[in-house]
Number of protein chains: 2
Amino acid sequence: MSIRIGIFGYGNLGRGVESAIRQNPDMELVAVFTRRDPATMKIRTEGVPVYHADKAPEMADKIDVMILCGGSATDLPVQTPALAKYFNVIDSFDTHAKIPEHFAAVDAVAKESGKVGIISVGWDPGMFSLNRLFGGVILPDGKDYTFWGKGVSQGHSDAIRRIEGVADAKQYTIPVESALEAVRSGANPELTTREKHTRECFVVAKDGADKAKIEEEIKTMPNYFADYDTTVNFISQEELNEKHGGIPHGGFVIRSGKTGFEGEHTHIIEYSLKLDSNPEFTSSVIVAYARAAYRMNKEGMSGCKTVFDVAPAYLSPKTGAELRKELL
Amino acid sequence: MSIRIGIFGYGNLGRGVESAIRQNPDMELVAVFTRRDPATMKIRTEGVPVYHADKAPEMADKIDVMILCGGSATDLPVQTPALAKYFNVIDSFDTHAKIPEHFAAVDAVAKESGKVGIISVGWDPGMFSLNRLFGGVILPDGKDYTFWGKGVSQGHSDAIRRIEGVADAKQYTIPVESALEAVRSGANPELTTREKHTRECFVVAKDGADKAKIEEEIKTMPNYFADYDTTVNFISQEELNEKHGGIPHGGFVIRSGKTGFEGEHTHIIEYSLKLDSNPEFTSSVIVAYARAAYRMNKEGMSGCKTVFDVAPAYLSPKTGAELRKELL
């Protein structure tokens, strides 16, 4: 019997979850929920209904895990606790500063309903968080570094698009190679924001716009660009569409630390991702954790969890004996 | 109150555990056990007694976790189950083919005694196994690759030393850079043993030994060298001691896989280690899992576990709230 999955919200992430479910034969997509008019929605999987979000509670006994695919700013803080009343839930809540609050809200509901909610699943937060934890416990006398990119930052691209005279834009975050090398050498450097990443912008200006002014506005924008070395390239809409249409991303978590009675041995642990599609990779992580939520709940667990609380074996459809034989 | 640790066996790994415990303020070394005459043993930690192995059961109520530092060939298959009767135990059993059997033996005893035993802890098996699992569940439509090195293989060095005319030897396993690059490209290449690793040997010949014959014997040795491109360098004992005295190691686990409705997006997950001291890094992983064994047992769990069964939060001295705030 398959694990019955619902998708709540059908943007890039929802479509990524839909395609990831096809790669996991022990799972089945039961329904997609949307706040738009379901009649206007076309999904990729034949025979799967699209319902209005309000209908979700009626499906409580037909769905094992509801995967929330909304945004962290306003959707998830409301939706994840609300749906944890009826379903095991997974989200990719990524507003780091508000995780404790979100955890508490989901935990209260999930403990009451007897369901499992796993929040902040993806790659950062998610796989990168796990690697920061593993690095720190293995090499307590050390330091960790997270680099992002090369990849598209949606938030920074949006910020550029809000500037007057800008028709469209794409922003790439790029780790500084020399900083990466310094970290890999075990030197444990202190690195400023500017030393770790650069920002590269591809901007389509509207006809007659003042390009010098746009460039100046980008480079001096506080929080987003002012602390970075930023380059701005003006290109045509055609070139933007053709060469910068994807949503690649990735990054590095590196732990460098010392062992031995005199700290005489240096070790480097490096975890890196190179992703053609940020939302599809995030979705793929989420789907694996959906399996874990289902199985943990089957064993009687409830309440809010994060990737830190999930024993890795729960992520796999293989039995413990298979895992030990094939992967250990 | 500290977690009270015992070390059973005091070779490279035992000394590594001893130094790792010093980096973890929530742990305390209580005693070292040896099959040698304890009176002849000198350990690095002031005031910690060395007892004969036979005395271990008497210490059952003074030690929370016994860390087994013997060899996988003959020590651990006997010692780990025997000591699981009295203690939570951790070992680094690494004979992959015999893991199911070893697991069953430890599980039977640990379930009976109500203790937790975590076997096959280290980096391979251990952290590499975890990364094979994570890679496979996130990217089911993919392939994983494990490369080892550059590093010293103890088993291969020993095999060379057994050849007639050899006074001493050190063997390095080296991943082939072009194979690594092919894997990182997402091409999912089929790689033969020879294409993945080369072997480099530094050999001290005895006076008057036939070097050509030694080289031939090494290069044609079945299982160990015959399937690899092997280079043999004859050097002096002084040079061997000076330049090849360390025990560095490391390696790579790379998962390459596709997502999307048409498999149109490629993703690369890479985990790598660069270790100055193989036994000290292994010990550092083991000590983190000793904390997990203690805490899982405190919560009422028992039986045999592997890294797959341990929720990462158990590895850290931080609380769940601290982990979510600082690392997620």
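Just so it is clear, the model here is predicted, and its values are computed rather than measured. A, B, ... follow the sequence lines: proteins, then strands. Residue 1 opens every chain. Just so you know, these numbers use all the heavy atoms, side chains as well, and skip hydrogens, waters and symmetry mates.
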Checking heavy atoms, do the side chain of [X], its backbone, both or neither come under 4.5 Å from chain B?
| X | result |
| --- | --- |
| A:F261 | both |
| A:V310 | backbone |
| A:K318 | neither |

Examine whether an atom of [X] lies under 4.5 Å from a heavy atom of chain A, and if so say whether it belongs to the side chain, the backbone or both; otherwise answer neither.
| X | result |
| --- | --- |
| B:D94 | neither |
| B:F128 | neither |
| B:L273 | both |
| B:I254 | neither |
| B:E262 | side chain |
| B:L130 | side chain |

Check your understanding: Do other residues, nucleotides or ligands put more than 12 heavy atoms under 6.0 Å from the NZ atom of B:K98?
Key ->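 Incorrect, the count does not exceed 12.
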
Check your understanding: If you draw a 6.0 Å radius around NZ in B:K143, do more than 12 non-hydrogen atoms from other residues or ligands fall strictly inside?
Key ->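 Yes.
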
Testing the basics here: between [X] and [Y], what is the closest heavy-atom pair and its distance to 0.1 Å?
| X | Y | result |
| --- | --- | --- |
| A:T306 | B:R324 | CG2-CD, 3.7 Å |
| B:E264 | A:D276 | O-OD2, 4.3 Å |
| B:L323 | A:F308 | O-CE1, 3.5 Å |

Using a cut-off of under 4.5 Å for heavy-atom pairs, which of [options] has the most such pairs with chain B?
| options | result |
| --- | --- |
| A:T259, A:V285, A:D141 | A:T259 |
| A:P317, A:A313, A:G16, A:S272 | A:S272 |
| A:I286, A:T146, A:T266 | A:T266 |
| A:R255, A:E280, A:K305, A:Q23 | A:E280 |
| A:V253, A:N24, A:D309, A:L327 | A:L327 |
| A:G126, A:P125, A:S277 | A:S277 |

Of the listed residues ([options]), which shares the most heavy-atom pairs with chain A below a 4.5 Å separation?
| options | result |
| --- | --- |
| B:S120, B:G260, B:P100, B:A104 | B:G260 |
| B:L139, B:I99, B:V287, B:L133 | B:L133 |
| B:S256, B:S129, B:P312 | B:P312 |
| B:M127, B:H265, B:E326, B:K258 | B:H265 |
| B:K325, B:R291, B:R22, B:R15 | B:R22 |
| B:A288, B:P140, B:G263, B:G257 | B:P140 |

Point to revise | Side chain A:K274, main chain B:R184, donor-acceptor under 3.5 Å | key: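 At least one qualifying donor-acceptor pair exists.
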
Is any side-chain heavy atom of [Y] closer than 4.5 Å to one of [X]?
| X | Y | answer |
| --- | --- | --- |
| B:L328 | A:V307 | yes |
| B:F281 | A:I138 | yes |
| A:Y289 | B:V137 | no |

Check your understanding: Once you round to the nearest 0.5 Å, how far does CZ of B:F134 lie from OH of A:Y271?
Key ->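 Output value for this atom pair is 8.0 Å.
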
